[in-house]
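Order of the sequence lines sets the chain letters (A, B, ...), proteins ahead of strands, with each chain counted from 1.
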Amino acid sequence: MAGSESYARIYEAVLRIPRGRVATYGQIAALAGLPGHARQVGYALHRTPDELAVPWQRVLNAKGEIALRADPIAAKHQRELLRGEGVRFRRNGTVELRKYGWNVVAEEEPDE
DNA sequence: AAACTGACTAATA
DNA sequence: CTATTAGCCAGTT
């Protein structure tokens, strides 16, 4: 498989997400240096190698819900993982991005 | 090589 | 809140 640099950037961005926090695809895309390529982020995560141990579960869509469509099992697993990290889900299966959304500016070091 | 598909987002109504 | 439209790009067929 081709070693796309974009993929590596996406993985790094996801790895930057602090525990107990969630990020949207658009955020990851922008953080990875690919603004507007949210779709590609999802594709990259789908192809994420297990060796990298990327916390893809912390990546949600803009609505704050599990993005997975054709994989309800994995989605359930993801929900459990997030719950274990302290993320509370609403009854409709969405997360309050207003509260759990990863504020990059606040968490990141002032340097760089 | 053209068309189709997909872990998406944002704007508008 | 939902529905619709348009944009985006890599992987499959």
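- The nearest whole Å value for the distance from the NZ atom in A:K63 to the C1' atom in C:dA3 is 11 Å.
- Rounded to whole Å, atom P of B:dA7 lies 19 Å from atom CZ of A:R79.
- In this structure, A:L97 atom CG and B:dT9 atom P are separated by 10 Å, rounded to whole Å.
- A pairwise comparison of heavy atoms in A:Q27 and A:W102 identifies NE2-O, 2.7 Å as the closest pair.
- Under the 4.0 Å criterion applied to side-chain N and carboxylate O atoms, A:R9 and A:E12 are not assigned as salt-bridge partners.
- Looking at A:E85 and A:R21, no side-chain N of the basic residue comes within less than 4.0 Å of a carboxylate O on the acidic one, giving no salt bridge.
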Where do N or O atoms of nucleotides 10-13 of chain B meet protein N or O atoms at under 3.5 Å, pair by pair?
none

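- Side-chain atoms of A:R58 come within 3.5 Å of backbone atoms of A:I17 as a donor-acceptor pair (strictly under, hydrogens ignored).
- Residue contacts shown for A:H37 are limited to sugar-phosphate atoms, with no base heavy atom under 4.0 Å away.
- Atoms CD1 (A:I10) and C1' (C:dA10) sit 10 Å apart, rounded to a whole Å.
- Distances shown here put a side-chain N or O of A:Y7 below 4.0 Å from the OP1 or OP2 atom of C:dG11.
- Taking atom CG of A:N61 as the reference point, atom C1' of B:dT9 lies 10 Å away to the nearest angstrom.
- The two residues A:A62 and A:T24 make their nearest non-hydrogen contact at CA-CG2, 4.2 Å.
- Atom OH in A:Y25 sits roughly 19 Å away from atom P in C:dC9 (whole-Å rounding).
- A donor-acceptor pair under 3.5 Å links the side-chain atoms of A:Q78 to the main chain of A:Q57, judged by distance alone.
- Across A:Y100 and A:G86, no two heavy atoms sit closer than the pair CE2-O, 3.6 Å.
- Taking the side chain of A:L45 as heavy atoms from C-beta on, and the options C:dA10, B:dA7, B:dC8, the nearest nucleotide is B:dA7.
- Between A:R47 and C:dT12 there is a side-chain N or O to OP1 or OP2 distance below 4.0 Å.
- Separation of the C1' atoms belonging to B:dA1 and C:dT13 is 12 Å when rounded to the nearest angstrom.
- In this entry the distance linking OH of A:Y43 with C1' of B:dT9 reads 18 Å, nearest Å.
- Regarding A:N92, its CG atom lies at a distance of 8 Å from the P atom of C:dC1, rounded to whole Å.
- As rounded to the nearest Å, B:dA10 and C:dC1 have P atoms that lie 15 Å from one another.
- Toward the 5' end of DNA chain C, the nearer of the two residues A:R90 and A:A38, judged by each one's closest nucleotide, is A:R90.
- For the C1' atom pair drawn from B:dG6 and C:dC8, the interatomic distance equals 12 Å after rounding to whole Å.
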